[in-house]
There are 2 protein chains.
Amino acid sequence: MKSLWDEFNELGTEMIVTKAGRRMFPAFQVRVTGMDPHADYMVMMDFVASDDKRYRYSFHSSSWVVAGKADTQMPGRIHMHPDSPAKGSQWMKQIISFDKLKLTNNLLDDNGHIILNSMHSYQPRFHVVYNPPKSEDVSEMEVFKHFIFPETKFTAVTAYQNHRITQLKIASNPFAKGFRDCDPNDW
Amino acid sequence: MKSLWDEFNELGTEMIVTKAGRRMFPAFQVRVTGMDPHADYMVMMDFVASDDKRYRYSFHSSSWVVAGKADTQMPGRIHMHPDSPAKGSQWMKQIISFDKLKLTNNLLDDNGHIILNSMHSYQPRFHVVYNPPKSEDVSEMEVFKHFIFPETKFTAVTAYQNHRITQLKIASNPFAKGFRDCDPNDW
DNA sequence: TTCTTAGCACCTAGGTGCCAAGAT
DNA sequence: ATCTTGGCACCTAGGTGCTAAGAA
């Protein structure tokens with residue numbers, strides 16, 4: 001999905017947050033290599049604030065502008081991939097997709113969704129936790145690693161601000177086909 | 001679902017098996033109590049042959065009759081509940097449902113579905129595996145337990161034989177609403 | 001003859017942005 | 001003013017038994 005993420009990122013990616021929880025589109029997907037095929041790993045995601053600012057969208061200039069200091073943030077939740085834990089061979093066999101992850105703006109959320117502040121910017125992070133066999137010397141290795149893909153940065157919103165983002169979502173998300181003017185397959 | 005299982009069982013429950021895999025209806029659901037809330041458990045199901053016979057349905061007498069000795073059976077697969085492993089408190093909090101379990105007649109199935117022989121009778125079994133804390137003396141307790149509910153016995157088929165089973169499936173399975181003559185809610 | 005398969009219309013379940021109304 | 005919510009029509013995805021055709 002990197003090319004699609006890049007396309008969104010150039011416009012300034014926006015992700016909807018709702019009380020009930022909303023999926024990300026594009027979904028965060030990653031391919032891993034170099035794992036020990038027979039060892040157990042947990043893979044997960046979290047979201048860190050890109051900065052300590054609150055934003056608003058200036059329709060006049062068609063761009064995001066700083067609207068003050070960030071609202072108070074709860075300590076971020078961690079989204080464990082539902083297949084965790086699993087063997088390295090399993091993780092490496094196919095692309096790891098976090099398509100069931102949901103974003104919410106409900107501070108009291110009880111469904112384990114990721115809680116974000118609307119009008120704030122976030123950077124998704126991908127984490128791998130290695131559960132070494134008992135025989136190994138843990139002191140010499142990294143048990144916890146994380147990876148950041150800058151093109152997946154986004155601003156949380158409750159309604160899309162940049163109309164070009166809306167258009168790109170409609171054009172590329174299969175679930176939004178009903179809003180397309182013409183079939184992009186015709187191109 | 002016990003009353004529904006009983007209703008089917010009185011007629012002689014049939015379950016469809018397909019190459020791609022078919023869900024069971026009714027779904028196998030169970031409630032557990034008495035677990036250690038803080039210990040890990042795995043819960044799972046398997047299916048054992050009720051007998052060593054092959055059956056056919058006699059439309060003449062509207063009943064199942066023995067049609068010979070059972071075909072050779074592969075050693076039965078085990079279906080691990082997708083939430084396994086989890087704490088006792090989690091399992092006891094709500095009904096445990098195996099509604100994603102699928103039955104297939106494809107001996108070469110690669111999707112982890114339960115492989116059954118059509119025209120044979122099976123008894124579902126529910127298993128609980130207890131992972132005791134290291135401090136406990138394992139020798140004195142049962143780590144592996146299983147439970148059988150006789151009313152969940154069924155015959156695997158590739159097409160329904162008993163028309164009354166078909167009618168009861170249509171009347172009680174929400175996905176088969178399209179085949180109903182009238183809305184059962186009207187009763 | 002009996003059993004099995006694939007495609008079908010009809011459902012459930014839930015993911016889209018839109019829009020109007022409400023909240024701050 | 002700006003932000004947020006709930007209901008909506010329109011989709012995807014996949015679970016039903018039916019039917020006709022094919023296989024054993």
Side-chain angles (χ1 to χ4, degrees), chain A residues 14-27 54-60 65 67-68 71 99-107 111 113 116-120 155-181 183-184, chain B residues 14-27 54-60 65 67-68 71 99-107 111 113 116-120 155-181 183-184:
Chain A
E14 302 175 20
M15 294 288 175
I16 298 273
V17 292
T18 67
K19 189 174 181 181
R22 193 76 150 192
R23 286 189 185 176
M24 294 174 66
F25 187 88
R54 181 188 176 84
Y55 292 87
R56 68 177 179 86
Y57 190 74
S58 163
F59 289 92
H60 188 289
V65 296
D71 298 341
D99 53 356
K100 283 180 191 116
L101 184 153
K102 289 192 174 182
L103 310 178
T104 183
N105 58 345
N106 180 11
L107 298 174
N111 304 302
H113 298 151
L116 302 180
N117 282 330
S118 183
M119 299 295 137
H120 291 61
T155 305
V157 296
T158 57
Y160 291 126
Q161 305 295 309
N162 182 349
H163 193 57
R164 298 181 63 191
I165 287 291
T166 311
Q167 290 309 310
L168 188 49
K169 296 256 184 179
I170 290 174
S172 51
N173 187 336
F175 286 109
K177 243 177 208 173
F179 301 103
R180 291 180 189 168
D181 292 330
D183 189 341
Chain B
E14 302 174 20
M15 292 289 175
I16 297 275
V17 291
T18 67
K19 190 174 181 180
R22 194 76 150 193
R23 287 190 183 175
M24 294 174 65
F25 187 89
R54 182 187 174 84
Y55 291 87
R56 70 178 179 84
Y57 190 74
S58 163
F59 289 93
H60 188 289
V65 295
D71 298 343
D99 53 357
K100 282 178 191 120
L101 182 154
K102 289 192 174 182
L103 310 178
T104 183
N105 57 345
N106 181 10
L107 299 174
N111 304 303
H113 297 152
L116 302 180
N117 283 329
S118 183
M119 300 297 138
H120 291 61
T155 304
V157 296
T158 57
Y160 291 127
Q161 305 295 308
N162 182 349
H163 191 58
R164 298 182 62 190
I165 288 291
T166 311
Q167 291 309 310
L168 188 50
K169 296 257 184 177
I170 290 174
S172 51
N173 188 335
F175 287 108
K177 244 178 205 171
F179 300 103
R180 292 181 190 168
D181 292 330
D183 189 342

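Since the model is a prediction, treat every value here as computed from it, not as a measurement. The sequence lines fix the lettering, A, B, ..., with proteins before strands; numbering per chain opens at 1.
Look at A:Lys169 and you won't find any side-chain N or O under 4.0 angstrom from OP1 or OP2 of C:dT16. The phosphate of C:dT4 (OP1 or OP2) has no side-chain N or O of B:Lys19 nearer than 4.0 angstrom.
When the nucleotides D:dC3, C:dC11, D:dT16 are ranked by their closest atom to the side chain of A:Arg56, D:dC3 comes out on top.
Nearer to the 5' terminus of DNA chain C, by closest-nucleotide assignment, is the contact made by B:Tyr57 (compared with the other of B:Tyr57 and A:Gln167).
A distance-only check finds no donor-acceptor pair linking the side chain of B:His60 to the backbone of B:Ser58 [under 3.5 Å]. With A:Glu14 contributing its side chain and A:Gln161 its backbone, the two residues share a donor-acceptor pair below 3.5 Å.
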Between the protein and nucleotides 13-15 of chain D, which nitrogen or oxygen pairs are less than 3.5 angstrom apart?
| from | atom 1 | to | atom 2 | distance (Å) |
| --- | --- | --- | --- | --- |
| D:dG15 | OP1 | B:Lys102 | NZ | 2.9 |
| D:dG15 | OP2 | B:Lys102 | NZ | 3.3 |
| D:dG15 | N2 | B:Phe175 | O | 3.0 |

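Listed by residue number, the members of residues 156-166 of chain B with any heavy atom below 4.0 angstrom from DNA chain D are B:Tyr160, B:Thr166.
Interatomic distance, A:Arg164 CZ to A:Leu168 CG, rounded to the nearest 0.5 Å: 9.0 Å. Atoms NZ and CG, on A:Lys169 and A:Asn162 in that order, are 11.0 Å from each other to the nearest 0.5 Å.
In this structure, the side chain to side chain contact (heavy atoms under 4.5 Å, CB included) partners of B:Asn106, at least two apart in sequence or on a different chain, are B:Lys19, B:Thr104, B:Leu108, B:Asp109. Take A:Ser172 and apply the side-chain hydrogen bond (donor to acceptor under 3.5 Å, both in side chains) test, not counting sequence neighbours, and it matches no residue. Residues satisfying the side-chain hydrogen bond (donor to acceptor under 3.5 Å, both in side chains) criterion with A:Thr158, sequence neighbours excluded, are absent altogether. For B:Phe179, the side chain to side chain contact (heavy atoms under 4.5 Å, CB included) partners two or more places apart in sequence, or in a different chain, are B:Ile170, B:Ala176. Applying the ring-ring contact (aromatic ring centres under 6.0 Å, His included) criterion to A:Tyr57, with sequence neighbours excluded, gives A:Phe59, A:Trp64. Residues passing the side-chain hydrogen bond (donor to acceptor under 3.5 Å, both in side chains) test with A:Arg54 are A:Asp71, sequence neighbours excluded. Partners of B:Phe175 under the side chain to side chain contact (heavy atoms under 4.5 Å, CB included) rule, at least two apart in sequence or in another chain, are B:Arg23, B:Asn173.
Atom-to-atom, CE of B:Met119 to P of C:dT4 comes out at 6 Å; the value is rounded to the nearest Å. Counting to the nearest Å, the P atom of D:dT4 and the CD atom of A:Glu14 are 13 Å from each other. Look at CZ on B:Arg180: it is 12 Å from P on D:dT16, rounded to the nearest Å. One can place CE of B:Met24 at 13 Å from P of D:dG17, the figure rounded to the nearest angstrom. Taking atom CG of A:Asn105 as the reference point, atom C1' of C:dT24 lies 14 Å away to the nearest angstrom. Computed from coordinates, the B:Ile170 CD1 to C:dT12 P distance equals 14 Å when rounded to whole Å. Here the C1' atom of nucleotide C:dT16 and the CG atom of A:Leu103 are 15 Å apart, to the nearest Å. At whole-Å resolution of the value, NE2 in A:His60 and P in D:dA1 are 15 Å apart.
Pairing analysis of DNA chain D (Watson-Crick: purine N1 to pyrimidine N3 plus N6-O4 or O6-N4; G-U wobble: N1-O2 and O6-N3; both under 3.5 Å) yields stems of 3 or more pairs at C:1-24 with D:1-24.
The residue B:Ser118 sits close only to the backbone: its heavy atoms come under 4.0 Å of sugar-phosphate atoms, none of a base.
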